Amino acid sequence: MFRSNQAVTERLMDSMDLEKERGITISSKNGSYNFKDYWINIIDTPGHADFGGQVERVLRMADGCLLLVDAQEGPMPQTYFVLKKALANSLPIIVVINKIDKPAARCDWAVDQVFDLFVKLNAPDELLEFPVVYASAKQGYALRTLDEKNSNMDPISEMIVSSIPAPSGSIDAPLQMQVNTIDYSPYLGRLGIGKVVNGTLKINRDIAVSRRDGSISPIRISKIFRFEANEKIAVSEATTGEIVAVAGMDDVTVGVTFTDPLDPRPLPLIEIDPPTLSMNFVPNDSPFAGREGKYVTSRHIEERLSRETLADVALHVQPLTEGVGYKVSGRGELHLSILIEKMRREGYEFQVTRPQVIMKEENGKQLEPYEELTIDVDEQYQGVVIEKLGKQKGQMLEMNNANNMAKLIYKIPTRGLLGFRSQFMTDTKGMGIMNYVFAEYGPYAGEITNRVNGVLIVKEPCTTVAYALFNLQERGRIFLGPGIDVYTGQIIGENTRPADMVVNPAKGKKLTNMRASGSDEAVILTPPRQMSLEDCIAYINDDELVEVTPASIRLRKRKNGNWKP
Ligand SMILES: Nc1nc2c(ncn2[C@@H]2O[C@H](COP(=O)(O)OP(=O)(O)OP(=O)(O)O)[C@@H](O)[C@H]2O)c(=O)[nH]1
Ligand SMILES: [Mg+2]
């Protein structure tokens, strides 16, 4: 779709800032391209299990799937998850073994692993003969067989044309288009994205909308856009099989159907797996409240959260029964922390509590969510990882060692994974890969301690001083540097002991007339431990909060907790 002189960035469809920064897809995107006489619509989905809610709903727009598998790593837990969803929707599947340029690529092995996965998921026999294409997305070529030479992606497009049927549906049937994704444009407001399943959608015609609650009411669509390459092009109508974005319905939500007012035929609602993790979002009541944020009231927070639930059906928001604030439930740590990060960048300021997994009760027994965790790690770090996972109540299901690498598969309570990622990255010096996916609800695994150490708490408002921090280093690990304003109750470090300790990070040296010649003037500080948003969320206890503003992330003690200045 691009002229030869056009610059095309890597990972073109990962257009959000956060996606570029983190190198992962967060939101599903649409695009399309021309191949010979065909117009091929593509939908990119996130792979990470925390965003699985999106996979469930965008699959409704698809007539087939490309299942991407790394030629060296083989299928991942999320491959299992997305394949399960694709099979449940009876979609034809093309397996793309990607990254064949990697020196350690093992294509035949990867195909065998995918086959095993199909079998494990009870795929119908006809799907077991899935078509396979080999590719290097990075170098821009695809191959039908490993021994051929080729320098373009045509084999994939040919395979799409030959193995994925054109959209079914009839232009003459009454209109049906279900909204599967929401996009937002500052000029047009909310856009509903979906596939025209039957009939034709036209602007400024009377159509009906069937909402999630079953009500049907008239509506007018003011604009229709089709996706060409990665852009939106305005059109006056869209017919059966096209994936389009429509403007004009301000409160459009995922799941609504646009249909014929004379013969309304709502499409079935989309089923979404339930959330497993929740956190409270409360207005900021720290001494620094309102200093850095643009939107700070509980009204602002509510408005923003309810806007998010319109677009993200895997997210649930309820007002708290005790106190002001909202209980926000989602699919995992990443799902919620991305939401927090998005809000913070938009100018919101608020506080969040320690994440809680969502328990269930069955026959009087308490059940909690478990994940299947897969770890690939250099053998030298295997011991420390196994030890940590044991403490987190993980049960090892499988362990395979080959070429100095260990592959570990665990079943572990979702609770046990909170904050584990950053620990894992440190323990394995960034050389490990971990992936997890929701497995099932199982028996409560017992107490899991998220940290054994107490914290260092600021006694009174002050500005941190290097000399004081230097002395505090002996007591624990410091989270911030000198010259920073802090307040009573703020957490600035971790104690080496289990108890909390109240400290004064501004305590200067007693001045005397006697000065040793310069030697004690300059102190050398250990660099502070940088805590990311995810680190902070995983770190706090029940009597603590993470204060989130556009400029800062602070840890603090709750006001009415056991702690006293
Ligand atoms: N060597 C090699 N690396 C590749 C190839 N394709 C992608 N990568 C790299 O793999 C990494 C992940 O690529 P993405 O396109 O973000 O993968 P993804 O499956 O979309 O990831 P999520 O959307 O987060 O699930 C990037 O660093 C790419 O540069 C390939 O053909 N060869
Ligand atoms: Mg991606």
Side-chain angles (χ1 to χ4, degrees), residues 7-31 42-59 62 65-86 93-107 109-111 113-114 117 132-144 146 148-157 159 181 227 230 312 314 331-335 337-338 341-342 374 376 421 425 430-438 534:
V8 183
T9 51
E10 202 200 60
R11 298 169 67 241
L12 175 79
M13 297 186 89
D14 288 346
S15 49
M16 285 164 58
D17 285 348
L18 266 175
E19 292 178 327
K20 293 216 187 304
E21 281 168 32
R22 291 178 180 242
I24 55 170
T25 303
I26 294 168
S27 294
S28 171
K29 312 276 185 333
N30 294 80
I42 45 182
I43 311 161
D44 181 29
T45 67
H48 200 285
D50 275 33
F51 307 116
Q54 297 184 43
V55 177
E56 286 159 21
R57 59 199 158 85
V58 300
L59 280 179
C65 297
L66 301 180
L67 183 72
L68 270 94
V69 177
D70 185 310
Q72 184 186 340
E73 316 276 351
M76 303 280 199
Q78 60 268 40
T79 318
Y80 177 87
F81 176 82
V82 291
L83 179 59
K84 191 161 95 185
K85 298 291 171 191
I93 294 157
I94 297 172
V95 173
V96 182
I97 303 293
N98 188 35
K99 309 197 193 181
I100 57 172
D101 56 283
K102 280 189 174 178
R106 31 182 184 168
C107 301
W109 172 86
V111 174
Q113 296 289 309
V114 175
L117 203 58
V132 180
V133 188
Y134 304 90
S136 168
K138 206 161 191 167
Q139 297 178 357
Y141 67 88
L143 311 172
R144 281 165 221 100
L146 280 169
E148 80 170 341
K149 290 263 174 294
N150 188 30
S151 60
N152 59 34
M153 283 288 187
D154 287 357
I156 293 188
S157 300
M159 193 76 87
T181 315
F227 295 90
N230 61 332
D312 182 353
R331 280 289 184 81
E333 216 178 353
L334 194 60
H335 186 197
S337 64
I338 292 285
E341 187 63 45
K342 272 201 291 194
T374 307
D376 287 279
R421 184 186 297 274
M425 289 301 166
M431 298 294 284
I433 303 175
M434 63 172 271
N435 281 292
Y436 57 88
V437 58
F438 172 73
E534 275 98 339

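For clarity, every value in this text was computed on a predicted model and none was experimentally measured. Heavy-atom basis, side chains included; hydrogens, waters and symmetry copies ignored. Counting starts at 1 for both ligands and their atoms, following the listed order.
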Colleague: Pairs of nitrogen or oxygen atoms closer than 3.5 Å, one from Thr45 and one from ligand 1: do any exist?
Modeller: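 Not met; the criterion fails.
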Colleague: Any chance you could lay out the side-chain contact (heavy atoms from CB on, under 4.5 Å) test for Arg22 and Leu334, step after step, and finish with the verdict?
Modeller: CA-CA 11 Å; Arg22 291 178 180 242; Leu334 194 60; 3.8 Å; yes
Colleague: For atom 14 (P) of ligand 1, find the nearest protein heavy atom and state the residue, atom name and distance (0.1 Å precision).
Modeller: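 The closest one turns out to be Arg11 NE, 3.9 Å.
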Colleague: Measure from the side-chain N and O atoms of Gln54 to the backbone N and O of Ile26, and report whether any donor-acceptor pair falls under 3.5 Å.
Modeller: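 It does hold such a pair.
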Colleague: What protein heavy atom sits nearest atom 31 (O) of ligand 1, and how far off is it?
Modeller: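 For atom 31 (O) of ligand 1, the nearest protein heavy atom is Ala137 N, 2.8 Å.
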Colleague: Can you name the atoms of ligand 1, numbered from 1 with element, that are less than 4.0 Å from a heavy atom of Thr25?
Modeller: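 Those of ligand 1 that fall under 4.0 Å from Thr25 are 20 (O), 22 (P), 23 (O), 24 (O).
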Colleague: What protein heavy atom sits nearest atom 12 (C) of ligand 1, and how far away is it?
Modeller: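 Atom 12 (C) of ligand 1 sits closest to the protein heavy atom Lys99 NZ, 4.3 Å.
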Colleague: Do protein heavy atoms approach atom 17 (O) of ligand 1 to less than 4.0 Å?
Modeller: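 No.
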Colleague: Which atom pair, heavy atoms only, marks the closest approach of Arg57 to Thr181?
Modeller: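 Closest approach of Arg57 to Thr181, heavy atoms only: NH1-CA, 3.7 Å.
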Colleague: Please verify whether a non-hydrogen atom of Leu68 lies at under 4.0 Å from ligand 1.
Modeller: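 The answer is no: ligand 1 sits nowhere under 4.0 Å from a heavy atom of Leu68.
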Colleague: Under the criterion side-chain contact (heavy atoms from CB on, under 4.5 Å), I'd like the reasoning laid out for Lys20 against Asp17: C-alpha separation, chi angles, the key distance, then a yes or no.
Modeller: CA-CA 5 Å; Lys20 293 216 187 304; Asp17 285 348; 5.6 Å; no
Colleague: Taking only heavy atoms of Asn98, which atoms of ligand 1 are found under 4.0 Å from at least one of them?
Modeller: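 Answer for ligand 1: 5 (C), 6 (N), 31 (O).
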Colleague: Suppose I only count heavy atoms of Ser136 and a 4.0 Å limit; which atoms of ligand 1 are within that range?
Modeller: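 Under 4.0 Å from Ser136, ligand 1 has these atoms: 31 (O).
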Colleague: Quick check for you: to the nearest 0.5 Å, what is the distance between Ile94 atom CD1 and Ile156 atom CD1?
Modeller: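 So the CD1 of Ile94 and the CD1 of Ile156 are separated by 8.5 Å.
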Colleague: Rounded to the nearest 0.5 Å, what separates atom OG1 in Thr79 from atom CD in Glu73?
Modeller: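 Taking OG1 in Thr79 and CD in Glu73, the distance rounds to 10.5 Å.
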Colleague: Please list, in number order, the atoms of ligand 1 under 4.0 Å from a heavy atom of Ile24.
Modeller: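 Near Ile24, meaning under 4.0 Å from one of its heavy atoms, ligand 1 has 24 (O).
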Colleague: Could you check atom 1 (N) of ligand 1 against the protein and tell me its nearest heavy-atom contact, residue, atom and distance included?
Modeller: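 For this ligand atom, the closest protein heavy atom is Asp101 OD2, 2.8 Å.
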Colleague: Which protein heavy atom lies closest to atom 25 (O) of ligand 1, and at what distance to 0.1 Å?
Modeller: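 Minimum-distance protein heavy atom for atom 25 (O) of ligand 1 reads Gly47 N, 3.0 Å.
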Colleague: Show your reasoning for whether side-chain contact (heavy atoms from CB on, under 4.5 Å) applies to Lys29 and Glu19.
Modeller: CA-CA 12 Å; Lys29 312 276 185 333; Glu19 292 178 327; 2.8 Å; yes
Colleague: Considering all heavy atoms of both residues, which atom of Ala110 and which atom of Asp70 are nearest to each other, and what is their separation?
Modeller: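 Heavy-atom minimum between the residues: CB-O, 4.2 Å.
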Colleague: Within less than 2.8 Å of the Mg ion (ligand 2), any N, O or S from Thr25?
Modeller: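 A backbone or side-chain N, O or S atom of Thr25 is under 2.8 Å from the Mg ion (ligand 2).
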Colleague: Evaluate side-chain contact (heavy atoms from CB on, under 4.5 Å) for Tyr436 paired with Met76, printing each intermediate quantity in order.
Modeller: CA-CA 9 Å; Tyr436 57 88; Met76 303 280 199; over 6 Å; no
Colleague: Kindly state if atom 28 (C) of ligand 1 has a protein heavy atom within a strict 4.0 Å cut-off, that is, under 4.0 Å?
Modeller: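 No; the ligand atom in question lacks any protein heavy-atom contact below 4.0 Å.
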